[in-house]
Amino acid sequence: MKHLLNKSERLADKASLFAANIAAAILLALVLLTCADVIGRYFLTMPVTGAVELVRICMAGIIFFSLPLMFFRNDHIIVDLIGFFRNGYVGWIVGLVLLVVSLLIAIKLGDRVFDYAVRALEDGDVTEYLGIPRYLVVGLITASIFTSAFLTLLRVAITLTRPGSTKGLDGNPP
């Protein structure tokens, strides 16, 4: 069982890193789009049509393709006011509870976004200027959220096999 979890952990880390690399590529595309829009707008008086729409889609892509890596590596923002709750079994229990809460939130959020994607598909909803079908973008967001939920579930399983340990993937505290 432990061997299977270790293999799954390595595979999930690679998959989440792949999603983060997609987010990085989208960020690069956003930078290039912004540069092209600024040059076109101010020097050629021909702005990129639908640039605002594309920026919105790119921002959503950056955020939601980054989620799987953040959820799997448990890299949430932490405000450590009381260090006692981060050590030993207390830290392990608190971390486990927070992982389960994160899992439940991701599942609920994914369900709601999936409903929106289905509604957008049924209604034939498209973006304002470019006419990009919304269900495509929202569908990718949904897939990313459910991937994050699955990776969080895997993180819960890994955490359960290491009672009392608050170490992350790399052996250091998260």
Side-chain angles (χ1 to χ4, degrees), residues 1-2 4-27 30 55-123 125 127 133-174:
M1 175 70 173
K2 210 163 199 160
L4 178 64
L5 266 177
N6 287 338
K7 262 189 161 177
S8 299
E9 184 176 19
R10 285 192 301 274
L11 181 64
D13 191 49
K14 288 179 182 177
S16 62
L17 195 55
F18 177 74
N21 285 333
I22 291 174
I26 292 171
L27 179 62
L30 178 63
V55 166
R56 287 181 192 157
I57 292 171
C58 285
M59 292 300 291
I62 292 167
I63 292 166
F64 288 102
F65 277 111
S66 298
L67 282 182
L69 185 67
M70 181 194 68
F71 272 69
F72 183 66
R73 291 191 178 172
N74 208 13
D75 280 341
H76 304 82
I77 296 174
I78 297 172
V79 179
D80 200 6
L81 298 176
I82 304 172
F84 171 77
F85 291 112
R86 304 262 304 145
N87 299 326
Y89 277 98
V90 173
W92 179 75
I93 291 169
V94 168
L96 194 58
V97 167
L98 291 177
L99 279 172
V100 170
V101 168
S102 295
L103 174 65
L104 295 174
I105 289 171
I107 290 171
K108 181 66 174 172
L109 181 63
D111 181 52
R112 300 289 301 201
V113 175
F114 177 75
D115 290 344
Y116 177 67
V118 169
R119 232 180 16 254
L121 175 63
E122 290 171 348
D123 296 344
D125 197 11
T127 58
R134 284 193 200 272
Y135 75 90
L136 293 175
V137 176
V138 179
L140 287 173
I141 289 171
T142 303
S144 177
I145 292 171
F146 279 129
T147 301
S148 301
F150 175 75
L151 293 175
T152 303
L153 180 63
L154 182 60
R155 171 62 48 214
V156 167
I158 291 167
T159 303
L160 283 172
T161 63
R162 299 175 184 162
S165 174
T166 57
K167 304 231 184 280
L169 286 173
D170 56 1
N172 296 322

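Since we're looking at a predicted model, the values are computed, not measured.
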Undergrad: With sequence neighbours left out, which residue pairs that include part of residues 134-143 fulfil the salt bridge (charged side-chain N to carboxylate O under 4.0 Å, His left out) condition?
TA: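 Checked against salt bridge (charged side-chain N to carboxylate O under 4.0 Å, His left out) - neighbours excluded - the pairs reaching residues 134-143 are Asp125-Arg134.
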Undergrad: Apply side-chain contact (heavy atoms from CB on, under 4.5 Å) to Thr147 and list each qualifying residue two or more places apart in sequence or on a separate chain.
TA: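 Listed in chain order: Pro68, Leu151.
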Undergrad: Give, for atom CD of Glu9 and atom CG of Asn6, the distance between the pair rounded to the nearest 0.5 Å.
TA: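 One finds 6.0 Å between CD of Glu9 and CG of Asn6.
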Undergrad: Ignoring hydrogens, what is the shortest heavy-atom contact between Ala106 and Phe71? Give both atom names and the distance.
TA: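 So the two residues come closest at CB-CE2, 4.0 Å.
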Undergrad: To the nearest 0.5 Å, tell me how far Leu27 CG sits from Ile22 CD1.
TA: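 Leu27 atom CG to Ile22 atom CD1 measures 14.0 Å (nearest 0.5 Å).
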Undergrad: Could you state the interatomic distance from CD1 (Ile145) to CD1 (Ile141), rounded to the nearest 0.5 Å?
TA: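 Interatomic distance, Ile145 CD1 to Ile141 CD1, rounded to 0.5 Å: 7.0 Å.
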Undergrad: In chain order, what residues pass the side-chain contact (heavy atoms from CB on, under 4.5 Å) check against Phe114, with sequence neighbours excluded?
TA: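 Expected list: Val118, Thr142, Phe146.
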Undergrad: Nearest 0.5 angstrom please: Ile158 CD1 to Leu153 CG, how far?
TA: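 It is 10.0 Å, given to the nearest 0.5 Å.
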Undergrad: Would you find a donor on one side and an acceptor on the other, under 3.5 Å apart, between the side chain of Ser144 and the backbone of Leu140?
TA: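 Between the backbone of Leu140 and the side chain of Ser144 there is no qualifying donor-acceptor contact (under 3.5 Å).
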Undergrad: Between Tyr135 and Ala117, what is the shortest heavy-atom contact and its length?
TA: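 Answer, listing the atom of Tyr135 first, then Ala117: CB-O, 3.6 Å.
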Undergrad: If you round to the nearest 0.5 Å, how far is CZ of Arg119 from CD of Glu122?
TA: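 It is 9.0 Å, given to the nearest 0.5 Å.
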Undergrad: I'd like to check the side-chain hydrogen bond (donor to acceptor under 3.5 Å, both in side chains) partners of Ser8; sequence neighbours left out, ordered by chain and number.
TA: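 Not a single residue meets the side-chain hydrogen bond (donor to acceptor under 3.5 Å, both in side chains) criterion with Ser8.
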Undergrad: Output the distance between atom OG (Ser16) and atom CG (Asn21), rounded to the nearest 0.5 Å.
TA: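 Rounded to the nearest 0.5 Å, the OG-CG separation comes to 10.0 Å.
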Undergrad: I'd like to check the side-chain contact (heavy atoms from CB on, under 4.5 Å) partners of Lys14; sequence neighbours left out, ordered by chain and number.
TA: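 Counting only residues at least two positions away or on another chain, Lys14 forms no side-chain contact (heavy atoms from CB on, under 4.5 Å).
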Undergrad: With sequence neighbours left out, write down each residue that passes side-chain contact (heavy atoms from CB on, under 4.5 Å) with Leu96, or none if nothing qualifies.
TA: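 Residues passing side-chain contact (heavy atoms from CB on, under 4.5 Å) with Leu96: Trp92, Val156, Thr159, Leu160.
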Undergrad: How far apart are the closest heavy atoms of Leu103 and Ala149, and which atoms are they?
TA: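 Shortest heavy-atom contact: CD1-O, 3.1 Å.
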Undergrad: What are the two closest non-hydrogen atoms of Cys58 and Leu30, and how far apart are they?
TA: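 The answer is CB-CD1, 3.9 Å.
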Undergrad: Under a 4.5 Å cut-off applied to non-hydrogen side-chain atoms, are Leu67 and Met70 in contact?
TA: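 Counting from C-beta outward, Leu67 and Met70 do come under 4.5 Å.
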